[in-house]
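Here is the naming used below: chain letters follow the sequence lines, and residue numbers restart at 1 for every chain.
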Amino acid sequence: MNLAGRREIVYLSIAMSSTIPYGLHLNVPQLEAVTHIGSPLLVLAGAGSGKTRVITYKIAHLIHECGLSPRNILAVTFTNKAAGEMKERVESLLGGPAEIWVKTFHSAAARLLRIMGGQFGVRQGFTIIDKQDQLSLMKKIMKTLNADPEVYKPEKYSHLIERAKDNLLDLAGAQKNGFSSDPLFYEIYRLYEEKLERENLFDFGDLIARLSRGLAQSQGALLQLKNRFRYVLVDEFQDTNYAQYALVKQLTLPEGNICVVGDDDQSIYGFRGAKVENILNFSRDYRDTKIVKLEENYRSFQTILSASSRVIGNNPDRLGKTLYTHKGKGDKIVFFRAASDYGEAQYIAEEIRDQVNGTGCRFSDFAVFYRMNAQSRVFESVFTQERIPYTIVGGLRFYEREEIKDTLAYLRLALNPLDEVSLRRIANKPPRGVGEKTVDALVRSTIDRGFPPFGGGAHPEVSPAKAQQVDAFLAALTELSRVVQSDQPPVVLKHLYDTSGYIEWLRKEGKEEKLKNLDELYNAVEEFSKKNPDSTLADFLEEASLNQGGGEEGSPVDRVFLITLHNAKGLEFPVVFMAGMEEGIFPHFLSGEKREDLQEERRLCYVGMTRAMDRLYLTAARVRKLYGRSVDRGVSAFIFEVPKELLEWKEDRRLGSGLFDDFEPGLKPWSSQTGGSARREAGRGGGRGAGLPRLREGSTAHLDANCRVVHKSFGSGKVVATDGEIAEIQFDDGKKMKFMLKYTPLLKE
DNA sequence: CCAATAAGTGTTTTT
DNA sequence: CACTTATTGG
């Protein structure tokens, strides 16, 4: 196929008459984005501006108007959920199932490696390992190196290796590049890679990196792919990392048949290597890039939009865009500060209950967002108590549950006997007298030498005392791997359940919940088999390891959503509660270090706020139980970034009523705890000794512009402006922040 | 050599 | 609080 001719074909077809009445469903810039063909397209899509609509319509346009076959289109997103939804919407627009690849980066790469990896040295039947597996492997390596895990944290190296792979740096590349100044890193990286290679394991980063490297090295494979995918669309482009972008470029340069959609203000995955700069680089890397901005927001009332743009406006490094809406002004944003995390949950529960009873909205109109999964516990318990139905999105994921991982490890091992991680995982589950030392010996004599520990002519050398148990174990695995070859996935699983003794073990231990989950797993396998009749167990396992968020009930039941801010991206709800708006929680205290990190937290805040259609609540707790201790934190700085005329302040009456008199107003991050230790240093902060958690009016009256003040956690600075209620401070270290004087004690210097 | 129990510890977000 | 690692008893 002549690649160069492609653009012309596409050009010509624009002239054909539209069969979809786009104009009825799209505004001007949207229409422009949908119909623009012939040069690369960058869509800067603000929150709620209808970007999914643009992508799906564009796909329809490519097929209907440009004569592209569905199989020639590749659309990539970041989450399986997004991919699934997009596929659904495309198919409903096209009026039936379509052969389009709508996948996540990782699942697309995994599939391609299976199909064509042989052309550049990828062995058949590789196993995909997740974070947990990776970490246990890392610990093993640290042990062989005799490195003290206290000093040399496995998590740290694991993270570094991931980042290296995100940047397409293999060992040699990392060394040349001076990726790390720690010599031990390279040693660990080397051992880690050797282990993966020997056992045919791929981590998430490998999926992208190995494909990209393979395509660079095999012209044939690259041409084959380019011939297949004639047009590429990338959603959430701001979340792509270096390697992913490199891969995209390989597929689409120099032809430039590509459309990327993103929003720099919604880049919240920097911690896993995402590079917002990719958006900036795009028009440099692709000639004649057409840029379309989508700035009309169809989701939120003006108040919500104004508040969120003021917050995000505090970020210095942004492309900048102005969202507007034709929806009305809407209600003020409510800020509620409860006495405790429990009180916070109760307030939210009451609010939901009242509105459901009063205005006839449904539970599913409400969502509660939080920064950390750990925060969901209080809501679970309060909502259960108050009989408010809820569903937790994310959290303890189905495929990460112990019993599920164990079962999958059996299956993985049957397919890939060299997989040491899986072997170690299940060797003694259920207990069969094959412990760590025994496995060490077994591995040394088999896997370390490149032989499978079972099913082949290896000679496992273990202590004679254990020989019998080990033999029985290995014989069972051999049998399992035979069944895997010959039977349908559900049959294999049933065989495993019947023979491994795992089920009996759980039953004996009374682990009802886990047994239920294994039933669910069986159902999932059965359903998968039904849906994909000629699929193998390997296909299912791949799905499972990439679909980390899986196991969610797609039930249309009427429930409140409990969800992390990260998971909330891409969703919308009539009423949103953002809980835990406290310093240290959000922004999270670990993100305080670097400037860029705080910006990312702020973007996360922006993402959360812009999910709300009608009403937005920001809530905080004065005292929060976290990790077994009570902490007393100040109100999140983000609250003070919302213009006060858009905010309605409410507080728990119990605040300062004597219940929590032992506490200082939230000051130092993570320092003050429950107990009597908090009474020190009342200073001249307004006579707020024990019992008065607020500054008195009088103490702030003399704060005026240009006077110097000290803030307990931010240090000293100068008052830039104040209206008696809010003061803007320019700190000596360069930071500029606003504080509500009522809650933030500032001492005159 | 293995299993159960005790002490200790660090605490985000996810493909 | 929940999970991981060290210790001891079998």
query = In terms of the nearest nucleotide of DNA chain B, which residue is placed more toward the 5' end: A:Val434 or A:Glu600?
reply = A:Val434
inquiry  = Any side-chain N or O of A:Ser107 below 4.0 angstrom from OP1/OP2 of B:dT15?
reply    = no
ask   = Just to confirm, is there a sub-4.0 Å distance from OP1 or OP2 of B:dT14 to any side-chain nitrogen or oxygen of A:Asn80?
value = no
task = Write down the distance between CZ (A:Arg602) and P (B:dT13), rounded to a whole number of angstrom.
result = 21 Å
task = Quickly work out the A:Arg401 CZ to C:dC3 P distance and round it to whole Å.
result = 13 Å
key: Stacking check A:Phe271 vs B:dT12 (5.5 Å / 30 deg)   = no
note = Here the distance between atom C1' of B:dT12 and atom CZ of A:Arg624, to the nearest Å, is 14 Å
key: Integer-rounded Å distance: B:dT12 C1' and A:Asp597 CG   = 11 Å
inquiry  = Of the listed nucleotides (B:dA3, B:dT15, B:dT12), which one gets closest to any side-chain atom of A:Asn428?
reply    = B:dA3
ask   = In terms of the angle between their ring planes, are A:Phe528 and A:Phe540 parallel, tilted or perpendicular, with boundaries placed at 30° and 60°?
value = perpendicular
ask   = Do any side-chain nitrogens or oxygens of A:Asn373 fall under 4.0 Å of OP1 or OP2 in B:dT12?
value = no
query = Nearest to the side chain of A:Arg377 - B:dA3, B:dT14, C:dA2?
reply = C:dA2
inquiry  = By nearest heavy atom, map A:Thr79 and A:Arg432 onto DNA chain B; which one lands nearer the 5' end?
reply    = A:Arg432
message = Does the Lys NZ or Arg CZ of A:Arg163 fall within the cation-pi geometry relative to A:Phe271 - under 6.0 Å from the ring centre and within 45° of the axis?
response = no
message = Check for me whether A:Lys103 meets the cation-pi criterion with A:Phe105, that is, NZ or CZ under 6.0 Å from the six-membered ring centre and within 45 degrees of the ring axis.
response = no
query = With respect to the side chain of A:Thr438, which nucleotide from B:dT12, B:dT14, B:dC2 is positioned closest?
reply = B:dC2
task = Could you walk me through whether A:Lys165 and A:Asp206 pass salt bridge (charged side-chain N to carboxylate O under 4.0 Å, His left out), step by step?
result = CA-CA 7 Å; A:Lys165 291 186 177 181; A:Asp206 284 332; 2.8 Å; yes
key: Spacing between A:Gln599 atom CD and B:dT13 atom C1', to the nearest angstrom   = 17 Å
message = Please report the distance separating the C1' of C:dT5 from the corresponding atom of B:dT12, rounded so that it comes out in whole Å.
response = 23 Å
request  = Verify the ring-centre separation between A:Tyr390 and A:Phe379: is it less than 6.0 angstrom?
outcome  = no
ask   = OP1 or OP2 of B:dT14 less than 4.0 angstrom from a side-chain nitrogen or oxygen of A:Thr564, does that happen here?
value = yes
ask   = Ring of A:His588 versus six-membered ring of B:dT12: centres under 5.5 Å and planes under 30°?
value = yes
ask   = When the ring planes of A:Tyr269 and A:His566 are compared, do they come out parallel, tilted or perpendicular, using 30° and 60° as the limits?
value = tilted
key: Nearest-angstrom distance from the residue atom NZ of A:Lys131 to P of B:dT15   = 11 Å
request  = Give A:Asp239 one of three labels, base, sugar-phosphate or nothing, depending on what nucleic acid heavy atoms sit under 4.0 Å from its own.
outcome  = nothing
query = Under 4.0 Å between a side-chain N or O of A:Arg272 and OP1 or OP2 of B:dT12?
reply = no
Candidates B:dT14, B:dT12, B:dT15 - which lies nearest the side chain of A:His106 = B:dT15
key: Under-4.0 Å side-chain N/O to phosphate OP1/OP2 contact, A:Lys139 with C:dT5   = yes
task = Write down the distance between CG (A:Leu442) and C1' (B:dC2), rounded to a whole number of angstrom.
result = 16 Å
task = Just call it for A:Glu236: base, sugar-phosphate, or nothing, with non-hydrogen atoms closer than 4.0 Å on any strand.
result = nothing
query = Between C:dA6 and B:dT11, how far is it from one P atom to the other, in whole Å?
reply = 16 Å
request  = Provide, to the nearest angstrom, the distance between the NZ atom belonging to A:Lys569 and the P atom belonging to B:dT15.
outcome  = 11 Å
